[in-house]
Amino acid sequence: MWIALVDCNNFYVSCERLFKPALEHQPVVVLSNNDGCAIARSEEAKQLGVKMGTPEFMIDSIIKNKIVKCSSNYPLYGDLSSRVMKTLSSFVPQIEIYSIDEAFLDMTDMDIMGLHDTGVMIRNTVKKNIGIPVSVGIAPTKTLAKMANRYAKKMLREIGVFHASDEKIINQMLSYTRVEDIWGVGRQYAELLQRHGFLTAFDLKNAPEEWMRKNMTVQGQRLQNELKGIPSIEWQFVSKTKKNICTSRSFGKLLTDKTIIQQAVCDYTASCAFKLRKERTCAKSIAVFVQTNPHRKDDVQYVRSIIVQLPSPSNDTSVLIKQAIKGFNIIFKDGYKYMKCGVEVHGLVPETQVQLNLFELAETEKKKKLTKTLDTVNRSLGKNLVKYAVQSSENKYKLRADYLSKRFTTNFDEILEVNL
DNA sequence: TCTGGGGTCCTAGGACCC
DNA sequence: TCTGGGGTCCTAGGACCC
């Protein structure tokens, strides 16, 4: 089996550059929600020492005025992503979209002109059609394809394609790759592995199976098999239905006022309810959490969450808001400076599976019509103008987005972006 | 002054049932 | 004095991903 992992280079930065060619060859970062920290960096920005997750104020303190900052613009990235994915789909029978900027391609039947050349063709076509640069890694398993992709970026920058085509080449790649750079090995496991003398992916491939199982659970076993060239991660051509849905945000500034925070909780609940309806699922329970800013060492800290069971599974905004407020009232305490709150819905079941008694049924039909109308109106306006009374009518917890680019390819309204 | 948001999978341990 | 065992469901928490 041959698997390709196609990955857009510095995706968010590449999207911004597409519409602002002057950013080409400039150090550019894209900032997270709230303009909090860097979540995408151009090569030039990486060379200036900007790390993933560097807070904006630290970027300023090191290299003020040398770098272009963009607020993140998810509608734009989402639209370009689907165009890239559509182009990739034209090459192979099926692709697995792994994230906004990555997809796995089953290349097993593609070996007509040689897999390396096929990879080059894919890369050139995406660049020509969409304008986004991509890298391609081809190998016998997903984990090795990820590694090959990274190798292409690091070692074969100009070509941007690497085919790990036989055992000798794969072993070279494994020896080159340090454990902390393997897909599936995070900081904790990397430290553990290094302590035990496993430094490269090649070491890990040859580690005792017993040890892997004992210290890294079944995931470690799977990972080791993948490194040995035995595919152990299933294809996922159709996206699974979600198991949890979450909406949470940091506030633009620290908040103490219960009413304003409750409005945020209600807005995020409405957002979760909308996502549930889009997925055609209902939630069994809803969790609410609030927290202070852990980075402010001098402030008194408070973090709390609560799970509220719903009377019956629901995706109705008013039902969810009612329960969310109930939970919020239990966990909220005066006297703290809050930085963030969020809402998470759990135990999702298909809409069609929800059992109701007759009384509930009659009520639900009425509510469904109301909800459908609200969704339709809000969608056609391109923003959430129509709301329940407990939601916010103005942005008292508004997020910052000082460097926002225009929505070049979509009709989304500015307000949708900054409001939620 | 200023530090993201949205997910997944796995395991352990408790509650409960027979 | 001796005090089962297996199964399921749920939740919390850890680790990881982009």
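It should be emphasised that the depicted structure is a prediction, and the values quoted were computed from it without experimental measurement. Keep in mind that the numbers below use all heavy atoms, side chains included, and drop hydrogens, waters and symmetry copies. To find a chain, count down the sequence lines: A is the first, B the second, and so on, and within it residues start at 1.
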Integer-rounded Å distance: [N] [atom2] and [X] [atom1]:
{"X": "A/Asp7", "N": "C/dC17", "atom1": "CG", "atom2": "C1'", "value": "13 Å"}
{"X": "A/Ile182", "N": "C/dC16", "atom1": "CD1", "atom2": "P", "value": "12 Å"}
{"X": "A/Asn149", "N": "C/dC17", "atom1": "CG", "atom2": "C1'", "value": "15 Å"}
{"X": "A/Asn215", "N": "C/dG14", "atom1": "CG", "atom2": "P", "value": "18 Å"}
{"X": "A/Arg249", "N": "B/dG4", "atom1": "CZ", "atom2": "P", "value": "13 Å"}
{"X": "A/Asn33", "N": "B/dG5", "atom1": "CG", "atom2": "C1'", "value": "7 Å"}
{"X": "A/Met52", "N": "C/dC18", "atom1": "CE", "atom2": "C1'", "value": "7 Å"}
{"X": "A/Ile39", "N": "C/dC18", "atom1": "CD1", "atom2": "C1'", "value": "10 Å"}

Ion pair present between [X] and [Y], side-chain N to carboxylate O less than 4.0 angstrom?
{"X": "A/Glu180", "Y": "A/Arg150", "answer": "no"}
{"X": "A/Lys146", "Y": "A/Glu226", "answer": "no"}
{"X": "A/Arg157", "Y": "A/Glu43", "answer": "yes"}
{"X": "A/Glu210", "Y": "A/Arg213", "answer": "no"}

Would you tell me whether A/Asn149 and A/Lys153 have side-chain atoms, one donor and one acceptor, within less than 3.5 Å of each other?
-> yes
For residues A/Arg280 and A/Thr352, is any side-chain donor paired with an opposing acceptor at under 3.5 Å?
-> no
Hey, can you pull the residues of residues 286-304 of chain A with a non-hydrogen atom under 4.0 angstrom from DNA chain C?
-> none
Out of B/dG6, B/dG4, B/dT3, minimum distance to the side chain of A/Phe57 belongs to B/dT3
Check every atom of B/dG5, C/dA15, C/dC18 against the side chain of A/Glu102 and return the nucleotide holding the closest atom.
-> C/dC18
Taking only the side-chain nitrogens and oxygens of [X], find out if one of them lies under 4.0 Å from OP1 or OP2 of [N].
{"X": "A/Lys340", "N": "B/dG5", "value": "yes"}
{"X": "A/Ser248", "N": "B/dG6", "value": "yes"}
{"X": "A/Ser99", "N": "C/dC17", "value": "no"}

Looking at every strand, decide which applies to A/Asp60 at a 4.0 Å heavy-atom threshold: base, sugar-phosphate, or nothing.
-> nothing
Give me the distances for all protein-to-nucleotides 7-13 of chain C N/O pairs that come in under 3.5 Å?
| from | atom 1 | to | atom 2 | distance (Å) |
| --- | --- | --- | --- | --- |
| C/dT11 | OP1 | A/Gln309 | NE2 | 3.1 |

Stems formed with participation of DNA chain B [Watson-Crick or G-U wobble, under 3.5 Å, three or more pairs] = B:5-18 with C:5-18
Could you tell me if the ring centre of A/Phe202 sits under 6.0 Å from that of A/Tyr176?
-> no
Would the A/Phe104 and A/Trp183 ring centres measure less than 6.0 Å apart?
-> yes
Using 30° and 60° as the class limits, which term best fits the ring planes of A/Tyr74 and A/Tyr12: parallel, tilted or perpendicular?
-> perpendicular
